[in-house]
Amino acid sequence: MKKFIAVLAAVCAVACAPKGQSEEPVAALDGKSFNVVELNGVEYVNQTETPASVSFAEGQVNATVGGNQIFAAYEEGENGAVSFSESGMTKMFVPEEFREDEFAAAFNNVAAFVLEEGVLSLKDAQGNVVIKATEVVAE
């Protein structure tokens, strides 16, 4: 009888669960693009007409500070965790004032994010904001 009650309770738990809800969290970053405004706590000044940016789409993240492209797969976790796969990068010469090496190092250390009111803060494992960017809103 105890086994019957346990099985009945398990069946009820499954049958009574809310319908239409996915167990996977909603991807907060997917389909969004951001313009970089700060790098390691210092204002980022664009060196080209094209703004430095970070874009997320379909599990891929792409970033640039106006020179090379950085790309990786990404996955959002719980409580703002985010992980990037080992990134790849194109290899063109970029002037030092682009701060590209600093940007690439920050990008490769991202462990979490906060997205509030269109401002994305990418943080390292110690909780330091390494990249801050504002959302690009499609017109």
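This one's a predicted model, so the numbers in the text were calculated from it and none came from an experiment.
Side chain of Thr48 to main chain of Gly66: no donor-acceptor pair is present (N/O by atom type, distance under 3.5 Å, no hydrogens or angles). Here the side chain of Asn46 pairs no donor or acceptor atom with the backbone of Pro51 at under 3.5 angstrom. At least one donor-acceptor pair under 3.5 Å links the side chain of Glu100 to the backbone N or O of Asn68. With hydrogens and angles disregarded, no donor-acceptor distance shorter than 3.5 Å links the side chain of Ser33 to the backbone of Ser55.
There is a side-chain donor-acceptor pair under 3.5 Å between Glu102 and Asn40. Checking Asn108 against Ser87 by side-chain atom types alone, a donor-acceptor pair falls below 3.5 Å.
Remark: Asp101 CG is loosely packed, at most 12 non-hydrogen atoms of other residues, nucleotides or ligands lying under 6.0 Å away. Within 6.0 Å of CD in Glu75 there are 12 or fewer heavy atoms belonging to other residues, nucleotides or ligands. The neighbour count for Lys32 NZ, taken as heavy atoms of other residues, nucleotides or ligands under 6.0 Å away, is above 12. In this structure, Glu97 places its CD atom where more than 12 heavy-atom neighbours from other residues, nucleotides or ligands lie under 6.0 Å away.
Residues Val42 and Arg99 form a side-chain contact, since some pair of their non-hydrogen atoms from C-beta on lies under 4.5 Å apart. Residues Asn62 and Ile70 are not in side-chain contact: their nearest non-hydrogen atoms beyond the backbone lie 4.5 Å or more apart. You'll find the side chain of Leu122 reaches within 4.5 Å of the side chain of Leu120, heavy atoms only. Side-chain contact between Thr64 and Ser53 is present, with heavy atoms from C-beta onward closer than 4.5 Å.
Atoms CG and CD, on Leu29 and Glu135 in that order, are 9.5 Å from each other to the nearest 0.5 Å. We find the CD-OG1 distance between Glu117 and Thr134 to be 13.0 Å, quoted to the nearest 0.5 Å. Annotation: the span from Glu38 atom CD to Ser121 atom OG amounts to 8.0 Å, rounded to 0.5 Å.
Residue Val82 is grouped with residue Leu115 when hydrophobic side chains (ILVMFWY) are merged at heavy-atom distances under 4.5 angstrom, including chains of intermediate members. Under the 4.5 Å side-chain heavy-atom criterion for Ile, Leu, Val, Met, Phe, Trp and Tyr, Phe84 and Met89 are members of the same hydrophobic cluster.
Tested against Ile131, the residues Tyr44, Phe113, Phe34, Phe103 include a single side chain to side chain contact (heavy atoms under 4.5 Å, CB included) partner, Phe103. Checked options Asn109, Val130, Val114; the residue passing with Lys123 is Val114 (criterion: side chain to side chain contact (heavy atoms under 4.5 Å, CB included)).
Between Ala57 and Tyr74, the shortest heavy-atom contact is N-CE2, 4.2 Å. Nearest heavy atom pair, residue Phe107 against residue Ala63, reads CE1-CB, 4.0 Å.
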TODO: Please step through side-chain contact (heavy atoms from CB on, under 4.5 Å) for the pair Val36 and Val65, ending with a clear verdict.
DONE: CA-CA 8 Å; Val36 175; Val65 289; 5.6 Å; no
- [ ] Go through the steps for Val119 and Lys132 under the test side-chain contact (heavy atoms from CB on, under 4.5 Å), then give the verdict.
- [x] CA-CA 7 Å; Val119 177; Lys132 187 177 278 188; 3.8 Å; yes
